[in-house]
2 protein chains.
Amino acid sequence: MGKLREPLRELAECGLPAALEAMGERWSFLILRASFNGLHHFEEFQSELGIARNILASRLAKLVEHGILGRHPMPEDRRKVEYRLTDKGFALLPAMLALRQWGERWETGIPSSPVLVDDRDRKPIRPIEVLAHDGRVLTKNDLMWVLPEDVARDAEAAE
Amino acid sequence: MGKLREPLRELAECGLPAALEAMGERWSFLILRASFNGLHHFEEFQSELGIARNILASRLAKLVEHGILGRHPMPEDRRKVEYRLTDKGFALLPAMLALRQWGERWETGIPSSPVLVDDRDRKPIRPIEVLAHDGRVLTKNDLMWVLPEDVARDAEAAE
DNA sequence: GGGACTAGGTTGCGAATCGATACCTATCAG
DNA sequence: CTGATAGGTATCGATTCGCAACCTAGTCCC
């Protein structure tokens, strides 16, 4: 990726700041992970994560506000509220996995548990990687940043 | 992913907390993005991101300490220091892209710029997704969490 | 060599955020 | 009615953030 012509001083618009606005706080990803793992209730998050109640309340509210979690009061026990991932929240799975996988590979060294598998054959998913249009795995020197207007048009049939 | 047998109360060990320890602060990902985009110097980060100088100094120090950025004093102008991504830092690219892509899709709606392309054909990379062992794209209902000991062994030849 | 300038920080201080703990309000079970 | 449970608030001290001013090498130019 040294292939960049000029340093591209203008980082310009990018979804990253927006994503960080929703997910940037320290506990947000951990709450999300807990959601992915099937936890739904305030007390479950609290005791699993050991987070302070006021912080948890405020993070849950923020995640709900951003449409990442849905807040569903339970009709059969009106003390209870279920927090469940929305589609938008679910769409954070690749980001969460990529981060987790990085931590596993470069920080802890120990394989995470539980593991996400394809339920067809129960084999673990592939590591999250950067792939080319045609599926090749791309590494450092295969990559290049360009402005959208310089992107090769997709000639559908082309080869 | 409702396929989970029991809610897996024990989230157990996972690389995520470790990753967040390194990258969990608000500016860390933005500094990283700037690095990916070819910025190398303190003043460049500062003026590009608009971050306070003391915060920038402390984030850079932390990223260096975690081995995500390397700090290289320049021999030909000894006032200057270059911060460059290490391999470990580079390995955060999928996480950064996944987050950015999520922000783009679910928050801003506008395509990010610059765009990362395969330098072979200049076509944009694929979106970051969860893939099965064999490359199929997996969605919500194809996924399942299991404990590592219950994972189907990789019979190499199998089908 | 001397003065101006530049790169990369550090220091101080007020404002916002975090975290632990205690408390509150519905609801439910017996 | 009584006690326990779920999901929060309120309070308060400890951190962290963000702005601005300042500092220190090293460089540039004459």
Exercise. Do any pairs count as a salt bridge (Lys or Arg N to Asp or Glu O under 4.0 Å) and have a residue in residues 14-24 of chain B, sequence neighbours left out, and if so which ones?
Worked result: none
Problem set entry | Where at least one partner belongs to residues 103-116 of chain B, residue pairs that pass salt bridge (Lys or Arg N to Asp or Glu O under 4.0 Å), sequence neighbours excluded | K88(A)-E107(B)
For this session: Measure from CD on Q46(A) to P on dT9(D) and round the result to the nearest Å.
Result: 14 Å
Problem set entry | Length of the NZ-C1' vector between K62(A) and dG8(D), whole Å | 19 Å
For this session: Kindly give the cluster partners of M74(A), where membership spreads through any ILVMFWY side chain lying under 4.5 Å from a current member.
Result: none
Exercise. In the hydrophobic clustering that connects Ile, Leu, Val, Met, Phe, Trp and Tyr at side-chain heavy-atom distances below 4.5 Å, which members other than V137(B) occupy its cluster, ordered by chain and number?
Worked result: L131(A), V137(A), L131(B)
Under the salt bridge (Lys or Arg N to Asp or Glu O under 4.0 Å) rule, collect the residues that match up with [X], sequence neighbours excluded.
{"X": "K80(B)", "answer": "none"}
{"X": "R79(B)", "answer": "D77(B)"}
{"X": "R53(A)", "answer": "E43(A)"}

Exercise. Which letters describe nucleotides 12-29 of chain D, given B = protein heavy atom under 4.0 Å from base, S = only from sugar-phosphate, - = neither?
Worked result: -----SBB------BS--
Problem set entry | NZ/NE/NH1/NH2 to OD/OE distance under 4.0 Å, R120(A) and D118(A) | no
Exercise. Base, sugar-phosphate, or nothing for Y83(B), non-hydrogen atoms under 4.0 angstrom?
Worked result: sugar-phosphate
Seminar exercise, completed: Nt span of DNA chain C in reach of chain B heavy atoms at under 4.0 Å, 5' end first, is dT6(C) to dG12(C)
